[in-house]
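By convention here, the first residue in the shown sequence is residue 1.
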Amino acid sequence: MLNDMEIRNLSPRDKPYRLFDGPRGVARGLYLEISPAGGKWWRFAYRFGGKPKLLSLGTYPDVGLKDARAKRDEARKQVAAGVDPSKARKAAKAARGGEGSFEAVAREWHTMQTSVWLPSHADKIIGRLERNVFRTLGTTPIGEITAAEILPVLRRIEARGNVELAHRVHQYIGAIFRYAIPTGRAQRDPAADLRGALKPVDEKHLAAITNPREVGALLRAIGGYQGSVLTQCALRLTALTFVRSGELRRAEWPELDLDSAEWRIPKERMKMKAPHIVPLSVQAVGILLELHPLTGTGRYVFPGLRTPTRPMSENTVNAGLRRLGYAKDEMTGHGFRSMASTLLNEQGWNRDAIERQLAHGERDAVRAAYNYAEHLPERRRMMQAWADYLDGLKNGAEVVALHGRA
């Protein structure tokens with residue numbers, strides 16, 4: 001039998017270990033689990049419906065030996081009465097909106113993350129959790145959830161044919177557990193035990209044209225676009241700046257300094273919440289000068305066709321490509337980014353300058369905020385050389401691109 005002095009003197013080991021309150025039969029399912037970090041968790045092991053189950057009874061010394069035994073005895077009475085003590089606890093937690101439930105912790109984690117996420121990204125993640133996770137695990141105390149309970153949630157997403165989403169939800173769940181651990185509501189991340197349990201994601205690269213001859217044909221097709229002038233200008237400017245679709249369609253005139261040939265996008269509109277500078281080539285400035293008489297008195301460079309007080313629809317660029325005859329598996333608006341990345345790297349430009357111009361993720365948000373102007377002189381040269389290169393391809397020339405190496 002355990003005693004308080006023995007429990008107080010227990011030391012952590014490299015791996016979790018457990019001590020039963022006496023021999024297995026005498027302990028009647030009660031044991032203490034000691035984590036490598038030194039935490040001491042009371043557990044009650046029992047069988048219900050022919051299946052082995054575990055119930056957390058709290059941590060020592062908050063729950064002393066005497067109280068742990070009393071909780072064990074109460075749980076045994078529930079089992080004898082045909083009541084699963086784990087489910088009974090979950091129901092009680094749900095009835096009073098338990099602060100330690102998975103959903104409560106997940107929403108707290110989500111609120112913390114919204115300071116670094118774009119609103120659209122934050123909405124997408126909470127929506128995925130609401131549709132796929134909360135209905136099953138939402139009311140369960142987060143510290144009691146096991147890998148075996150998480151896996152069916154992910155399997156159901158897989159069964160719908162969305163393997164990539166299953167992997168993303170797995171990542172979200174792991175992040176929520178990692179948030180719960182230092183806040184004292186979970187001991188470990190059981191989602192980590194599921195690595196390799198899901199089907200691998202098929203690598204699907206967004207459609208992009210990277211063959212120079214085909215790029216030239218695409219640019220000629222855009223030059224002959226017969227639809228809206230705004231859509232044609234959006235296609236031309238996307239090719240020259242290779243910004244994200246949301247960054248382009250939400251562009252505002254006050255952000256543009258045509259005299260300095262520079263577009264400064266505020267951090268609120270950037271995916272990684274860091275400001276971004278886009279050097280404007282002579283060709284890009286020319287397009288913006290074409291647009292100014294049409295939209296320069298309003299807020300947006302590319303206002304909506306029906307509602308000028310709102311930006312252009314997110315589908316406009318892709319719809320323009322479809323109108324030109326390019327299927328979605330041939331070219332997309334996002335594909336201009338892959339096009340630029342591939343060809344600029346092939347031409348020998350500094351990879352760091354290319355990545356900075358693409359505004360790819362910076363692991364350190366503070367560093368990203370301070371380094372948004374990094375490699376700017378080289379990026380200016382690169383963006384003008386890129387525009388000249390595209391002009392050559394459009395004109396059907398065999399272009400040998402000049403790169404930025406001294």
Side-chain angles (χ1 to χ4, degrees), residues 116-118 121 164 171 201-216 218-219 235-248 251 260-267 269-285 317 330-394 397-406:
V116 295
W117 287 342
L118 288 174
H121 185 61
E164 183 178 359
Q171 292 170 2
V201 178
D202 291 333
E203 289 293 334
K204 293 182 180 178
H205 300 288
L206 290 171
I209 294 172
T210 56
N211 179 282
R213 289 182 180 277
E214 295 177 6
V215 171
L218 170 63
L219 296 172
L235 286 163
R236 291 163 63 198
L237 203 59
T238 302
L240 290 168
T241 62
F242 46 90
V243 294
R244 297 180 179 90
S245 173
E247 294 157 9
L248 180 83
S260 299
E262 191 172 273
W263 173 19
R264 291 184 174 239
I265 308 176
K267 66 178 182 179
R269 288 221 321 279
M270 295 301 298
K271 182 177 180 180
M272 302 309 295
K273 285 295 184 79
H276 183 49
I277 297 175
V278 182
L280 298 172
S281 61
V282 172
Q283 293 89 330
V285 171
V317 168
E330 293 178 298
M331 187 60 182
T332 64
H334 196 88
F336 286 103
R337 291 171 61 78
S338 297
M339 172 198 295
S341 177
T342 299
L343 293 176
L344 287 171
N345 273 292
E346 287 180 359
Q347 292 166 17
W349 289 93
N350 183 331
R351 180 173 177 79
D352 290 337
I354 297 170
E355 291 297 295
R356 178 59 63 197
Q357 195 55 56
L358 287 163
H360 278 162
E362 178 70 68
R363 289 184 179 274
D364 185 337
V366 174
R367 183 177 185 273
Y370 281 101
N371 289 350
Y372 67 99
E374 192 175 14
H375 304 291
L376 190 55
E378 182 172 14
R379 284 158 54 194
R380 292 189 194 281
R381 295 194 303 273
M382 180 178 74
M383 296 300 277
Q384 185 58 57
W386 173 247
D388 295 339
Y389 174 70
L390 293 184
D391 276 352
L393 293 180
K394 180 181 176 182
E398 291 291 337
V399 179
V400 178
L402 297 176
H403 58 62
R405 290 176 182 168

For this session: Kindly determine whether Val278 and Gln357 satisfy side-chain contact (heavy atoms from CB on, under 4.5 Å), including the steps that lead there.
Result: CA-CA 7 Å; Val278 182; Gln357 195 55 56; 4.1 Å; yes
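- Pairing each heavy atom of Leu376 with each of Pro279, the nearest pair is CD1-CG, 3.9 Å.
- Put simply, the side chain of Gln384 gets close to the backbone of Val282: a donor and an acceptor are under 3.5 Å apart.
- With sequence neighbours excluded, the residues forming a side-chain contact (heavy atoms from CB on, under 4.5 Å) with Ala353 are Asn350, His375, Glu378, Arg379, listed by chain and number.
- Minimum heavy-atom separation, Ser341 to Ile354: CA-CG2, 4.3 Å.
- Rounded to the nearest 0.5 angstrom, Ile209 CD1 and Thr332 OG1 are separated by 9.5 Å.
- Evaluation of the side-chain contact (heavy atoms from CB on, under 4.5 Å) rule for Ala239 yields Leu219, Phe336, Leu390 as partners, not counting sequence neighbours.
- A pairwise comparison of heavy atoms in Ala208 and Ser338 identifies CB-CB, 3.6 Å as the closest pair.
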For this session: Take Val215 and Thr210 through the side-chain contact (heavy atoms from CB on, under 4.5 Å) test and state the conclusion after the steps.
Result: CA-CA 7 Å; Val215 171; Thr210 56; 5.8 Å; no
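- Checked against side chain to side chain donor-acceptor pair (under 3.5 Å), Trp386 has no partners two or more places apart in sequence or in another chain.
- Closest heavy-atom contact between Asn345 and Arg351: OD1-NH1, 3.6 Å.
- In this structure, CZ on Arg244 lies 8.0 Å from NE2 on His276, to the nearest 0.5 angstrom.
- Annotation: side chain of Phe242 is in contact with side chain of Leu344 (closest heavy-atom distance under 4.5 Å).
- Every residue two or more places apart in sequence or in another chain that forms a side chain to side chain donor-acceptor pair (under 3.5 Å) with Glu262 is listed here: Arg264, Arg380.
- Every residue two or more places apart in sequence or in another chain was checked for a side chain to side chain donor-acceptor pair (under 3.5 Å) with Glu346, and none qualifies.
- Here the closest heavy-atom approach between residue Arg269 and residue Trp263 is recorded as NH2-CZ2, 4.2 Å.
- With values rounded to the nearest 0.5 angstrom, Thr238 atom OG1 is found 12.0 Å from His334 atom NE2.
- Scanning all heavy atoms of the two residues, the minimum distance from Ala284 to Leu237 falls at CB-CD1, 3.8 Å.
- The side chain to side chain donor-acceptor pair (under 3.5 Å) search around Arg236 returns Glu290, not counting sequence neighbours.
- Within the 4.5 Å cutoff, the side chain of Leu240 has no heavy atoms near those of the Met383 side chain.
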